[in-house]
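Down below is the structure, laid out as structure tokens.
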Amino acid sequence: MTITGIAAIGAGLAAIGAGIGIGKIGGSAMEAMARQPEMHGKIQASALILAAFVEAVALFGVVVALLQG
Amino acid sequence: MDLVTPGFGLVFWTVITFLILLFILKKFAWKPILGAVNSREESIKDALAAAEAARREMENLQADNEKILQEARNERELMMKEARDIKVKMVADAREEAKFTTEKMILQAQEAIQSEKKAAVAELKNQVATLSLEIAEKVVKHELSNKDQQEKLVQEMLGKATLN
Amino acid sequence: MNLRAFRTLFLGVLLITYSAVKAEVTNTEQKEEKKFDPKEMIMHHVKDAYTFHIIDIHDQSYSIPLPVILWTENGLTTFMSSAFHHDYHGKEVVEKNGGRFVNFHEKIYQLDAGAATLEIGADEKPVNAHKPLDISITRNVFMMWISMLVLFLIFIGAARKYKKSENFIPKGIASFVEPLVLFIRDEIAIPMIGEKKYKKYMPYLLTVFFFIWLNNIFGLIPIVNGANLTGNIAFTMTLALFTFVITTFSGNKNYWKHIFWMPGVPVPMKIFLMPIEIIGIFTKPISLMIRLFANITAGHIIVLALMSLIFIFNSIAVAPISVAFSLFIIVIEIVVTAIQAYIFTILSALYFGMATEEHEHH
């Protein structure tokens, strides 16, 4: 297996992690919004910020993959 | 690898462009827009505050009116009560006076009757005395002439005199 | 817009895209000898370039030449990028100001003294050339300036409207701008920085938001596709650097205390936390830089990869599927343009808020 192939697998693994993380955030945000529709805006904003944080970690992985690819 | 290596040229131009953009937009766009929005919000806030103050004043005024009205009503009630009291008192006074006068009159009348009666009794006594004297005179005169007749006369006279 | 009009528009767009793709397919079929390399095509679209390429019709490239500005040992050297005649394989040598220049994969190399042509080594890197200091007006710079002009037009125009109306009632372009400006103020600046200090940072936040958003949108327009400014790490790095500089300079005593000597935890923990917090100062802007770059670049790569499927399979039958998919991705990307601009702005505001926060004792 070439280094590019390994890098691609690494990017895929990073995507899995981010997927789980963002999925959990999204699910909890939905639940919270359903429970308190009046807090909709605030929950959405915080969910987006948290998703951005989780995503950043995955994107570091992607960038490492890009460095190798 | 190439993709994640920042090129110097773009960094250089981005810094310049962004600084120009920031400076010009700050001066000619953000300041006027934010200023206008702020002053509009201020004026809305002021208008709302003024409306609130007016409403409160109105409420105060209403409360004042209510108070004045209540006071007037109380005063009227008080006056009415006073008038009623005066009326009652006057009636009572009049009744008292009348009663007093009547009683006095009755008393006077009784006194007058009493004194009349005394006078009458005294008069009667005088007349009885005079009458007795006249009888005695006549009897004495008659006795001197007839003994029987004298007796009879005295009897007669006495019979008449027992009336009183 | 009612549903029928929307459906007609949608079909129209699909048809136009389809016919355009069809034309290109026949074009590639004509020159069988040239093998299609999706990676090279995608990379050339995503990366910066020296010409503003618009369209290829029957092997004829239509593009706007842009000035190349180099700083070599002989001083400032400038020439138009049209001197390369659309060559980016390092074959066309331009002689100017005593230096020989080639365009190798959209990077300008200066041939070493004595060399006549570019030699490429086994690792696909030039052997006998070096990179001069390059501050050319590339297509990204060109696009950035266009976006700057558009921003001036929109916002200075909007600001003029306010001056004219005495009741400050937004009209025309101002009624479009004002909700966005208020959104930045009420949803980003005030909650993140606080009522007291947000005013100082408003110009930066507004500028950064609209600059990123507009360039994200420009990156999606097919005719200027490839002017992938916000998907270029140099651009995102610069903006992240601005946020970093502002955060660092507006950091108050409390901020630095929380980094170097975290209050409220035992001393061994303070020592343990210090390096983490110091690394944190730098990872924040780095994550800002990478997030924007990777999101936008990834979107472009996916759209282009879906389009490449047609040429990889070399059949028209794949076209409707890949057009439909890439349309779907483009619609998502339209949302992403706004979300990424929003996230960059809100995180910048969050960092400013952290730097200026007055802590109560806890």
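Labels below follow one simple rule: chain letters A, B, ... track the order of the sequence lines, proteins then strands, and each chain is numbered from 1.
- In this pair, C/Tyr204 and C/Phe242 present their aromatic rings tilted. The plane angle is within the 30 to 60° band.
- Here the side chains of A/Leu13 and A/Ile9 are in contact, with some heavy-atom distance below 4.5 Å.
- C/Glu357 and C/Asn252 are not linked by any side-chain donor-acceptor pair at a separation below 3.5 angstrom, with hydrogens and angles left out of the test.
- With a 4.5 angstrom heavy-atom cutoff, C/Leu350 touches chain A only via side-chain atoms.
- Judged by distance alone, the side chain of C/Asn140 and the main-chain N or O of C/Asn228 form a donor-acceptor pair under 3.5 Å.
- Using a 4.5 Å cut-off between heavy atoms, C/Ile290 contacts chain A through both its backbone and its side chain.
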Worked check of side chain to side chain contact (heavy atoms under 4.5 Å, CB included) between C/Tyr201 and C/Thr356:
CA-CA 11 Å; C/Tyr201 301 101; C/Thr356 54; 3.2 Å; yes

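- Interface residue C/Met192: only side-chain heavy atoms are found under 4.5 Å from chain A.
- For chain C, the nearby parts of A/Leu48 are the backbone and the side chain; heavy atoms of each come within less than 4.5 Å.
- At a 4.5 Å heavy-atom cutoff, the contact between C/Gln340 and chain A is made by side-chain atoms alone.
- For C/Ile233, no part lies under 4.5 angstrom from a heavy atom of chain A.
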